[in-house]
Amino acid sequence: MTGSVHHHRPTLKQQNKAYKSKHATKGARKDAAKGRLARQSPKVSPAASAAAQARLNRRNNARQTQLRKRHSLVSATRLFSGPDGAPRIVAIVPLTEDVTAASVVEALAGPLDGVLLEACGGGSYRLRAERFKTSLQLLPLQHKRLYAALDACKAADYVVLALSSRVEVGCWGDTLLRALQAQGLPTVVPVVAAAAAPMDAKEKGGIMKSLLSFVRYFVPGAERIFDMRAPADALGALRALCEGRPAEAKWREGRAWVLGEHVEWQDGLLGVTGVVRGALLSADRLVHLPNFGDFRIAKIVSAPLPRTSRSAAGAMEVEPVLLAEPDVSSADSLVSTNDPDDLANEQTWPTEEEMRGAPAESAPADSLPDAKSSTTPKTVRRIPKGMSEYQAAWIIDESDEEGDDAEEGEGQAEGSTGEVEMEDVEEEEMVELRDDTEMETEGRRSVAFQDLDVEEEDRQLKNWRNRKREEEDDLAFPDEIDTPLDVPAQTRFQRYRGLRSFRTSPWDPYENLPRDYARIFQFEDYKRTEHAIRRRAEEDSAAIEPGVRVTVYLKDVPQEAAQQDSRSPFVLFNLLEHEHKKTVLNFTVQRNTEYDGSVRSKDPLILCVGPRRLRVNPIYSQHTRGGGKGYNNVHKFERYLRHGITNVATTYGPAVFGKQPCLLLRETDDPQSPELVAMGSFINPDPTRVIAKRIVLTGHPFKVHKKTATVRYMFFNPDDINYFKPIQLHTKYGRTGHIRESLGTHGYLKAHFDGPINQMDTVCMSLYKRVFPKWSDLWKEQSLPVSGSSVDAMEE
């Protein structure tokens, strides 16, 4: 084996795998796979595979969320980007007397080099922040101008709450914050004004924490508070206004508005220049101007800002262009109510032709018609001579007990004593009975009765009515009233009716309507109408896009609208279709916890809903659970608006679409410091909602025998008892019954109940009638004398 050559076996040769990159892209791996699917390795457990898939899903969801937020931020701030971008509207609201809006404006302009502050109409100022490539339209407001602050915050993108480090927020500031919270706030930036006294370094931390805690009570999303004396905080506040994403108030969705920068009036034509905000601005729809009402649009003209020319110094003017005019066929009119025809349903006498066409066999005019079927004719009872009426009421005829027919006779009344003389009947000998004597019969048990003296009746009545009937006792004795002595109950309560069941008994909503119901409009299907109106508004090709600077010309505007106080913002709100027509509005409201006064139905209040302020006298009713109508759409009237209970306020007013917030204010001696009574939101315009006012007539069970009782003080004459006899009675202990008969002449009655009655119980009768609100009018703010203000200080 000397010539043999040694060599390794082939199986021991090393063969390295081909290089695979761990950082290959998804597309490279997809190309390398050539459509092949990865085979699941048998060594990998299902749990590990599921975990890997879950990890991949989390990464994918995080990426999608990031892209969605970035897209929403870009779309939200696209309105303000670019050289022609709209300015961000900033309302500066001082909450204390030692703070001025002018100091906040100066602090915001401090971090900017070469700041350009331009005065605009309506007391606003344009602040160009070239450092952040945007501009701000500042609305400095004066302290104790509540309505101006509400209007400014309705149109603002940001609200700067100016606080003091030394003075606490008073009653007016607390009312304003609660009103803004109920109205709906955009993004809030709280600051400590620079005009306030400087804070000590040791106390600053505690003061800032206390102020932030106070702001978070009204604005839970507030993250920090800025001290405008510190340059870093002033820059941070300016950055938050220029680079942040403003939150949108829900009630402004689908609505357009214009904040006036320049206002001019000539021959009834009012021109307002500003940037379109919110939704599309249509020339066919009406425009609401706060404090003055609704107006029609004459035309909309472009009003671009002057552009800077590169070839020559100065600015180059751009000619305005007509953008939109109202279409006569589809434009809304100013007609808000119907014109009722009083002669349409007038009752007239029959004509001669109708009289000649009457049937010949008709009865003569002087003859009485026959009694209706299933009715009982009135019979004359035979009583002994010398017996009074109240004694005769207790006589039981033998015919009633035995069921035999008695021979009828005619009686003749003698004078005014009420005694009846009987013919062909022998006079019976009567036995005088005491007051507590009982007569036993086969079919019923009767109690002998005797009237009391007039003085004794008055004394016992005063003792019975010695109860407080104010708001506090209305909670303990709900809806209970006293029957008048001088007026018959059937006359006093002739508009009331009895209901077998308040929840299920039907009530015709078109029965006995007032004249105001002939003036209002009713929607056949409110929700469907709202969807159709919003869809048509979004598809309007002739409307103006948001972000365009325009001049809106309004028709027939009074001159005082252009001369309103410069300290109040000038805002135009574009209305939706049919929003100017009057109807019945229903709001869910709840009382302000800080208001201690009495709030009664039909009290005069100021209703703030959307851009409008109305002078109303609302009525309150119970709010059905779930917000439904119930079985018969009948709701109980509430005399007072109480704490902690959500009620429905009903009034007349222009139609409203969407879930609009509402405020109820009460005027005080100071026109600019009203009291916040309640807040809530709009439900629907429903004229068929029946609001039934309930009254409860109460009586005292004078004598009781098992299920039968003699009741007094509910009525005071027999005619009223017979009139209200069909209505069911109930007691506070849960018994139900009916009136059997009248006793005597002082209004005593006998009633029978479904169970034994206690003498300490109270007998009640519930009566109902439908109530309606009063007509509402536009509320106008009183003009105040112009005095030194923050705006005047800025102009100086």
**OP:** Calculate, to the nearest 0.5 Å, the distance between atoms CD and OG belonging to Glu130 and Ser135 respectively.
**Re:** 8.5 Å
Original post:
Residues in side chain to side chain donor-acceptor pair (under 3.5 Å) with Glu248, at least two apart?
Top reply: Arg252
Original post:
So, do Pro94 and Thr100 sit near enough that their side-chain heavy atoms are less than 4.5 Å apart?
Top reply: no
Original post:
Is a side-chain donor-acceptor pair under 3.5 Å present for Asp294 with His288?
Top reply: yes
Original post:
Would you call Arg63 and Arg59 a side-chain contact if the rule is heavy atoms closer than 4.5 Å?
Top reply: no
Subject >> Separation between OH of Tyr147 and CG of Leu665, rounded to the nearest 0.5 Å >> reply: 5.5 Å
**OP:** Hey, could you give me the CG/CZ distance between Leu95 and Phe214, rounded to the nearest 0.5 Å?
**Re:** 7.0 Å
Subject >> Shortest non-hydrogen contact between Leu146 and Trp172, atoms and distance >> reply: N-CZ2, 3.7 Å
Original post:
Going by an N to O cut-off under 4.0 Å, is there a salt bridge joining Arg255 and Glu579?
Top reply: yes
Subject >> Salt bridge present between Arg536 and Asp540 (N-O < 4.0 angstrom) >> reply: no
Subject >> Candidates Leu241, Val188, Leu138, Leu185 - the one meeting side chain to side chain contact (heavy atoms under 4.5 Å, CB included) with Tyr158 >> reply: Leu241
Original post:
With a 4.5 Å limit on heavy-atom distance, are the side chains of Arg549 and Thr273 in contact?
Top reply: yes
Original post:
Below 6.0 angstrom between ring centroids: does that apply to Phe682 and Phe657?
Top reply: no
**OP:** Answer yes when Arg534 and Glu530 have at least one side-chain N-carboxylate O distance shorter than 4.0 Å, and no when they do not.
**Re:** yes
Subject >> Sole residue of Asp332, Leu554, Leu576 in side chain to side chain contact (heavy atoms under 4.5 Å, CB included) with Leu286 >> reply: Asp332
Original post:
Do Ser302 and Val548 have side chains that get closer than 4.5 Å, going by heavy atoms?
Top reply: no
Subject >> Short side-chain to backbone donor-acceptor contact, Asp157 and Ile89, under 3.5 Å >> reply: yes
